[in-house]
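One is the number of the first residue; the rest follow in order along the sequence.
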Amino acid sequence: MAQIEIQNLSFFYPNEISPAVENVSLKIHQGEYVVLCGRSGSGKSTLLRSLKPVLRPYGKVEGSVFFENCDLEQVSEAVQAKKIGFVMQSVEHQLVTDKVWHELSFGLENLGCRQQVIQARVAEIAEYFGITDWLNNCVSRLSGGQKQLLNLASVMVFNPDILIMDEPTAQLDPIAAERFLEMVQKINQDFGITVLLSEHRLGDVLQAADRLGIMEHGKLIDFGAVTEVLQKNRNRELIKLMPDCAQIFYQVEHDLNQEVPISVKQGRNWLKQKAPDLRTESPVSFGAPKQRTNQKSEQAVRCSHIWFRYERTGRDIIEDLSFQVNRGEIYAVLGGNGTGKTTAMSVLAGVYKAYRGRMKINGKTSLLPQDVQTLFCKDTVGEELEEVPQNIQDFVQLQELLQRHPYDLSGGQQQKLGLAKVLASGADILLLDEPTKGLDGFSKEQMGKMLKELKNRDKTIILVSHDIDFCGAYADRCGLFAMGRMVSEGTVQEFFCENRFYITTIRKMTEGIVQGMVNKEELRCFLAGETAI
């Protein structure tokens, strides 16, 4: 018997003729680890929310969903709460209390559990997750990674039978995301809890997954064992959704009888087999590091010894921040959750004022905030785009969603809508806080090309991002933000070749084999005997 069975499920948002989910049928068995992938807006989030009716958006439903052989519509909200766990994409949207211990106990209190049971459950789950020391901490003081781990623990305190997650690592830094997904895998292995999640960071989840589903235009176009699905779809454009090592494999490998690598380790082993002559004591060097940006170029942003705190007697969030960005440059700011990156962007945008230090901004700025929903003030996407030039509307590709409410868009579509409004401002300096959050491989490639085009038009772009691979492909320089300030910076080649842990997937994959390589295009060209552009 399937734990979840979906039969011909379709979902229509209000005033929409085309379904967001169209005629989907699948079965998921107890203890499976299932991953859904697809382009932004392909229907992944709507499908997942349909598996917990209390979270399903407003609209028309056709078809049926059965949970443990019962019609899900007939399952009480209390049973849903206990048996079907759900972790959302937005870290903040699932937090409801002030203290960690209260967040863990809140759901059990609402179900009327005895105090003794609640205390035992909270203590046990805190020990399992290694967060006992946090119990008396304020939720607001936790980093993004800690908050999402708390969200997961708050769901697991119910002992659910199935765990559903909608891009749970979208707002997490790479290290926090890796730890989060390791915990999810441990939960699946230790307790046999079924895991169903959508994710764009497929390199971190496919090695743990039993089955993979691909969605396109609301339809489930393929579903099966991971390697079989990858093999069947190798000639489709959808390969851009796959991990970097799989993309490189299909671009340069002619013997497709080999198993496709889906992890960094598998990619490294394949690369050694592909180029055995490179296994020498001294790694082969791939070209020379790119030249440093001309320091005599016109400066667009210059910060000197900036300090900022939210409260007069509070701690400093920004501490002695000094850096500069030249006009017509793409500068990427990387670093862990809670280090002050978003606050620094707000200071640059003039949202907050530093209490010490000097800052010079040469041009008009426009900020894409991390919570992009704060930019939306109209009832439909069409109304939001009324003052956006047509060429920008063509880029974001939201024409088929003009009647939809902005909050009903997928995370990636909301990012595109917010970016359209920022670009329409005509600013000289674009401050983008997590611009690739929720975006698929296609959309990231489009955005990267667009950022380079803006750079060619002499626009300056400063982006905060947890997407290391995106920064390695499109940035000119990168800076590592920690302890409230920039602790290191350099050209992309310098930054990722000098770092040991905060590096791109390709840098990890080529470690000890080919030196100085940081992105997919460089590795593809190297293996194909071409010159990288």
Side-chain angles (χ1 to χ4, degrees), residues 81-82 85-111 113-160 163 165 168-191 193 195 197 204 208 309-311 313-319 334-343 370 466 480-485 487 500-502:
K82 287 188 288 187
F86 200 106
V87 178
M88 302 178 186
Q89 179 183 130
S90 174
V91 172
E92 302 288 347
H93 288 178
Q94 205 160 339
L95 299 169
V96 294
T97 66
D98 57 344
K99 297 286 188 179
V100 171
W101 68 266
H102 199 188
E103 191 70 33
L104 292 173
S105 63
F106 181 78
L108 297 176
E109 291 171 350
N110 277 273
L111 289 178
C113 294
R114 291 183 295 110
Q115 195 63 31
Q116 186 177 357
V117 173
I118 293 174
Q119 291 176 357
R121 289 268 193 95
V122 168
E124 186 180 26
I125 205 71
E127 284 293 330
Y128 183 79
F129 276 78
I131 62 175
T132 301
D133 292 342
W134 304 1
L135 287 177
N136 291 313
N137 290 0
C138 292
V139 173
S140 60
R141 295 299 179 90
L142 301 180
S143 70
Q146 290 172 329
K147 288 178 179 178
Q148 195 67 317
L149 194 62
L150 175 59
N151 282 331
L152 178 59
S154 299
V155 167
M156 287 305 301
V157 79
F158 291 104
N159 297 327
L163 183 59
M165 291 171 285
T169 68
Q171 297 183 10
L172 305 189
D173 66 72
I175 295 174
E178 186 174 311
R179 290 172 179 166
F180 181 91
L181 292 171
E182 285 175 353
M183 180 57 73
V184 172
Q185 184 177 358
K186 179 176 171 61
I187 289 170
N188 173 255
Q189 293 176 344
D190 286 355
F191 308 114
I193 292 175
V195 172
L197 81 159
D204 295 327
R309 62 172 69 119
Y310 286 105
E311 301 171 351
T313 58
R315 68 179 183 91
D316 288 310
I317 307 300
I318 306 298
E319 302 182 25
L334 299 105
N337 292 104
T339 56
K341 304 184 302 298
T342 292
T343 302
Q370 190 173 116
H466 292 315
L480 182 61
F481 204 97
M483 300 175 289
R485 60 185 179 273
V487 296
R500 183 66 182 87
F501 300 103
Y502 229 82

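In this structure, the separation between CZ on Arg114 and CD on Gln119 is 11.0 Å, given to the nearest 0.5 Å. From Ser154, atom OG reaches atom NE2 of His102 across 11.0 Å, with rounding to the nearest 0.5 Å. Note that the NZ atom of Lys186 and the CZ atom of Arg179 stand 15.5 Å from one another [nearest 0.5 Å]. Put simply, CG on Leu104 and CD on Glu109 are 10.5 Å apart, with the number rounded to the nearest 0.5 Å. Taken from NZ in Lys147 to CZ in Arg141, the straight-line distance is 11.0 Å, to the nearest 0.5 Å. Rounded to the nearest 0.5 Å, atoms CG (Leu95) and CG (Leu142) are 8.0 Å apart.
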Check step by step if side chain to side chain contact (heavy atoms under 4.5 Å, CB included) holds for Asp173 and Tyr502. CA-CA 10 Å; Asp173 66 72; Tyr502 229 82; 3.9 Å; yes

Start with the C-alpha distance between Asn188 and Leu163, add both sets of side-chain angles, then the distance that settles side chain to side chain contact (heavy atoms under 4.5 Å, CB included), and finish with yes or no. CA-CA 9 Å; Asn188 173 255; Leu163 183 59; over 6 Å; no

Step-by-step side chain to side chain contact (heavy atoms under 4.5 Å, CB included) determination, Phe191 to Asn159: CA-CA 10 Å; Phe191 308 114; Asn159 297 327; over 6 Å; no

Do Val100 and Leu150 pass the side chain to side chain contact (heavy atoms under 4.5 Å, CB included) test, and can you show the C-alpha distance, the side-chain angles, and the key distance before you say yes or no? CA-CA 8 Å; Val100 171; Leu150 175 59; 3.8 Å; yes

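Counting heavy atoms from C-beta outward, Gln115 and Ile118 have side chains that approach closer than 4.5 Å. Proximity of Gln146 to Asn337: side-chain heavy atoms (C-beta onward) are nowhere separated by under 4.5 Å. Side-chain contact check for Leu149 versus Trp134: some heavy-atom pair is nearer than 4.5 Å. Residues Pro160 and Lys82 are not in side-chain contact: their nearest non-hydrogen atoms beyond the backbone lie 4.5 Å or more apart. Considering only heavy atoms from C-beta on, Val96 comes within 4.5 Å of Glu103 through its side chain. Considering only heavy atoms from C-beta on, Ile187 comes within 4.5 Å of Phe129 through its side chain. Side-chain contact between Val87 and Val184 is absent, with no heavy atoms from C-beta onward closer than 4.5 Å.
Residues Gln148 and Asn151 have side chains that bring a donor and an acceptor to within less than 3.5 angstrom of each other.
Here the closest non-hydrogen pair linking Pro168 and Phe180 is CB-CE2, 3.5 Å. Nearest heavy atom pair, residue Gly85 against residue Val155, reads CA-CG1, 3.3 Å. The shortest heavy-atom contact between Ala126 and Leu135 is CB-CD2, 4.0 Å. Scanning all heavy atoms of the two residues, the minimum distance from Gly314 to Arg309 falls at O-NE, 3.2 Å. In terms of heavy atoms, Ile125 sits closest to Ala153 at CG1-O, 3.9 Å. Considering all non-hydrogen atoms of both residues, Gly335 and Leu480 come closest at CA-CD1, 4.1 Å.
In terms of modelled atom types and a separation under 3.5 Å, the side chain of Glu319 and the main chain of Gly484 share no donor-acceptor contact. A donor-acceptor pair is defined here as one N or O able to donate and one able to accept, closer than 3.5 Å; no such pair exists between the side chain of Thr339 and the backbone of Ala482.
Only one option out of Lys341, Glu92, Gln171 pairs with Gln370 in a side chain to side chain contact (heavy atoms under 4.5 Å, CB included); it is Gln171.
Open room surrounds CD on Glu124; 12 or fewer heavy atoms of other groups in view lie less than 6.0 Å from it.
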